[in-house]
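Here the structure is a predicted model, which means the values were calculated and not measured. Below, all heavy atoms of this structure are taken into account, side chains as well, without hydrogens, waters or symmetry copies.
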Amino acid sequence: MGPRVQTLGGFLAIAVIAMGTLVMSGMLTLPAAAGNDASDAPARAGFATTGSGGPTGNGGVTDLAAAATGRALFLSTCATCHGADGRGGAGGPSLASSGAAAWDFYLSTGRMPLSGPGQPADRQGMHLDRDQIDALVAYGTTISSGPAIPNVVVDDASVQRGRDLFVNTCAACHGATAAGGAVGPGVFAPSLVGTDPVTVAEAVRIGPGAMPPFSWDDASLSDVAAYLDWLATAPTPGGLSTGGQGPVPEGLIAVVIGLGVLVLVARWIGNKARQPHG
């Protein structure tokens, strides 16, 4: 029984190493904790843009003081790539048609400002504080025209309708449980679990990166955001969650546990066989 036990132990070790490799590579993840993508960030200032590109703030009142502060920040943190007037430059595109939603999304998710020209615009923690971001958004409404920051209210939204919208429109890239995944060569759809509702709605409206924009109304955006909120705290009736990654990690865990039980049984039988019979 000794060689067999050693062989089974070797299989178990290989399986454990394989599972560790999947965890490190991101194929197997634990449930994402609330707080991803600035989910705990304070509420936005609520800036919108008029059809002609003029600036409006809460209640349609122009926040000229915030815009002035934002302009100074823009010149020191953004103008190197986007130009002093936001019309683009060698390191970045024009912002003329971006709008408040895009400014808030890219700044609140840490995608902007970049550490240098040519760097990937990946999701990170905020590089600026909330007041600085709101000031830049206020300034952005004076030089650009585009989607406003959506009004998202999840308290009275329909989780069921949000699920239907998400499964039919978003799940192909982000996964049925919004855990994210590879979409194509060099393109990765991030996890949306724990992402705050406004960030989700802004992404739908502006279509960052490879994602196309969608012209959903605020009610639809609220429904999808409510579904994602539900996913962040959804129960796992089967026991330990594997982050909603599907049957591959679940099957791997089952194999590892099964091999472990088999090794223990084999050792017990081997010990019994070696005991002297009276």
Report the relative orientation of the aromatic rings in Tyr227 and Trp230; use parallel for angles under 30°, tilted for 30 to 60°, perpendicular for over 60°. parallel

Show your working on side-chain hydrogen bond (donor to acceptor under 3.5 Å, both in side chains) between Ser220 and Asp223 and close with a plain yes or no. CA-CA 5 Å; Ser220 297; Asp223 291 340; 5.3 Å; no

Are the side chain of Ser222 and the backbone N or O of Val153 linked by a donor-acceptor pair below 3.5 Å? yes

If you round to the nearest 0.5 Å, how far is OG1 of Thr177 from CZ of Phe166? 8.0 Å

Any salt bridge between Asp104 and Arg130, counting N to O under 4.0 Å? yes

Which distance, rounded to the nearest 0.5 Å, do you find between the OH of Tyr139 and the CG of Leu75? 6.0 Å

With a 4.5 Å limit on heavy-atom distance, are the side chains of Thr169 and Val224 in contact? no

Compare all side-chain heavy atoms of Val152 with those of Glu202 and state whether any distance is below 4.5 angstrom. no

Run Gln124 and Arg111 through side-chain contact (heavy atoms from CB on, under 4.5 Å) and show every step you take. CA-CA 6 Å; Gln124 305 174 49; Arg111 288 175 166 85; over 6 Å; no

How about CG on Asp217, more than 12 heavy atoms from neighbouring residues, nucleotides or ligands closer than 6.0 Å, or not? yes

Stepwise side-chain contact (heavy atoms from CB on, under 4.5 Å) check, Phe74 with Leu95: CA-CA 12 Å; Phe74 182 86; Leu95 302 176; 3.8 Å; yes

Thr195 and side-chain contact (heavy atoms from CB on, under 4.5 Å): which single residue from Asp229, Leu228, Val200 fits? Val200

Determine whether Met112 and Trp103 make a side-chain contact, defined as any pair of heavy atoms from C-beta on separated by less than 4.5 Å. no

If you look at every heavy atom in Ile133 and Met126, which pair is closest and at what distance? CD1-SD, 3.5 Å

Given 3.5 Å as the limit, does a donor-acceptor pair link the side chain of His174 with the main chain of Ala179, or not? no

Test item: Thr199 and Thr109 side chains (from C-beta on) under 4.5 Å apart, heavy atoms: yes

Calculate, to the nearest 0.5 Å, the distance between atoms CG and OG1 belonging to Asp134 and Thr69 respectively. 11.5 Å

Would you say the side-chain atoms of Arg205 pair up with the backbone N or O of Ala102, donor to acceptor, closer than 3.5 Å? no

Does a side-chain heavy-atom distance below 4.5 Å link Pro93 with His82? yes

Taking side chain as C-beta onward, heavy atoms only, is Leu221 less than 4.5 Å from Val204? yes

From Leu73 CG over to Leu136 CG, what is the distance, rounded to the nearest 0.5 angstrom? 5.0 Å

